[in-house]
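Encoded as structure tokens, the structure appears first; notes follow it.
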Protein chains: 2
Amino acid sequence: MAKIKALTNGTKKDSILKNAASLFRKKGFRAASVRELAEMMGVEAPSLYNHIGSKSELLQEICFDVAKDFTAHMKTVLASEKNAAEKTAALIRFHIAKMYNDFDKVYVSDNEWKQLHKAEADDYLARRREYENAFAGIISDGIREKLFTKMHPRIATLTILSALRGLELRQQNKKEFSLKELEENMVRHLINGITI
Amino acid sequence: MAKIKALTNGTKKDSILKNAASLFRKKGFRAASVRELAEMMGVEAPSLYNHIGSKSELLQEICFDVAKDFTAHMKTVLASEKNAAEKTAALIRFHIAKMYNDFDKVYVSDNEWKQLHKAEADDYLARRREYENAFAGIISDGIREKLFTKMHPRIATLTILSALRGLELRQQNKKEFSLKELEENMVRHLINGITI
DNA sequence: CCTACCGATCGGTAGG
DNA sequence: CCTACCGATCGGTAGG
């Protein structure tokens, strides 16, 4: 009765996920069809179901993989000896590098998570809120330590995360500036803007 | 043969557009159905077609209405006597106010324009690029006038516009801070960050 | 991995 | 403004 699931080859599943992230980014999750994804993989649509459970599962794996990375990094930053400004800079750099090196997945996670099924979307949003609260906490520390100017920590958090999440790093941008250049400019801009 | 189109009542069409913007923002354009929109209006789906040409037309009107507003504002700023820092601040304030007062439409325009038909998407993107070029030009002026620090004008533009476009102003945010507070904090953050 | 196929949903039209 | 309905497309399954 139950179909025997092929052993997930690892490489194969990764390849599907990579193509899915690219497709979902370009067209949006709802506009992207499983048939198109199958074509990218060089197989017929039903064949994909030997490797995936559903289209929605692909989005889930993309979103929660990315969320896990950011949450893990936040944990190490919070546990570090850095001061608030250094912590903020480390978080900013991580966002930029992730976006630069793994654009499709991060972009899809940031922009298509609303297409997750309700339970997963709620879970994703909860993690996101937790991340934002931790971020705002660091900003508040910075204000208390007199590193940052007096301001609304939530707004500063919103501003920084908005700038980082909204980054659209097309191929053309990558020709205009390097990752290092992007990092240095953005860190300065976003940190100096709130530094005393 | 040709159906006689009901006179666009104005109020009615505006009401449809408002509901469409709200629906498209919450679910995304592709996931939002004409049937749902009809339900919001209290009619059956086919009845909507006495007021609209197509679902896609609604997205077009939302996106190009918003684009027109931003382009028009850019024109008046460019023609003003302000210096580069003042011009940049004026642009930032306009973005924030628009986002605050017309969240659904601006959000849909920023996040769903990719769902426009190819010709319109290309047109929209071209206008967006023009806007970004004008913005980057002002930043460059600011650097030349020694108001802004030496930096990559494209990256500064990307950072500012990304922060502004990515703003998600839910009801909850509006309780945490006022429009004025948001404006003052963000303008300071994004301008001080590049000011000498 | 494929062929054959299904039920659901969608945008939109005909006709009144 | 409604009822009735259509062609297209979609995610996914059966069965081999």
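Lettering of chains follows the sequences in order, A, B, ..., and the numbering in each one begins at 1.
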Of the listed D:dC2, C:dC5, C:dG12, the closest approach to the B:R35 side chain comes from C:dG12

Can you tell me how far C1' of D:dG11 sits from CD of A:Q60, to the nearest Å? 15 Å

Can you measure A:K27 atom NZ to D:dT9 atom P for me and round it to whole angstrom units? 12 Å

Scan B:A38 against the nucleic acid and name what it touches under 4.0 Å (heavy atoms): base, sugar-phosphate only, or nothing. nothing

Are a donor atom and an acceptor atom from the side chains of B:S22 and B:K26 found within less than 3.5 Å of each other? yes

In the strands shown, is D:dG15 matched to any nucleotide by a Watson-Crick or G-U wobble pair with both distances under 3.5 Å, and which? C:dC2

Distance in angstrom units between B:L48 CG and C:dC10 C1', rounded: 14 Å

Looking at A:F24 versus A:Y107, is the centre-to-centre ring distance below 6.0 Å? no

Could you check how far CD of B:E36 sits from C1' of C:dG12, rounded to whole Å? 17 Å

Using a 4.0 Å heavy-atom cut-off across all strands, classify B:S33 as base, sugar-phosphate, or nothing. sugar-phosphate

OH of A:Y49 versus P of D:dG11: gap in Å, rounded? 6 Å

Given D:dC2, D:dA14, C:dC1, which nucleotide is nearest the side-chain atoms of A:P46? D:dA14

Ring centre gap for A:F29 and A:H117 strictly below 6.0 Å: no

Taking only the side-chain heavy atoms of A:H51 (C-beta and beyond), determine which of C:dC1, D:dG11, C:dA14 contains the nearest atom. C:dC1

Assert yes or no for the condition that the ring centre distance of B:H73 to B:F135 is strictly below 6.0 Å. no

Take atom CD of B:E44 and atom C1' of C:dT13, then tell me their distance rounded to the nearest Å. 16 Å

Return the value, rounded to whole Å, for the distance between atom CG of B:L37 and atom P of D:dC1. 12 Å

Could you state the CZ-C1' distance from B:R30 to C:dC10, rounded to the nearest angstrom? 10 Å

Of B:K55 and A:V43, the one whose closest DNA chain C nucleotide lies more 5': A:V43

Using a 4.0 Å heavy-atom cut-off across all strands, classify B:A31 as base, sugar-phosphate, or nothing. nothing

Would you call the rings of B:H95 and B:F70 parallel, tilted or perpendicular if under 30° counts as parallel and over 60° as perpendicular? tilted

Base, sugar-phosphate or nothing for A:S54? Non-hydrogen atoms, less than 4.0 Å. sugar-phosphate

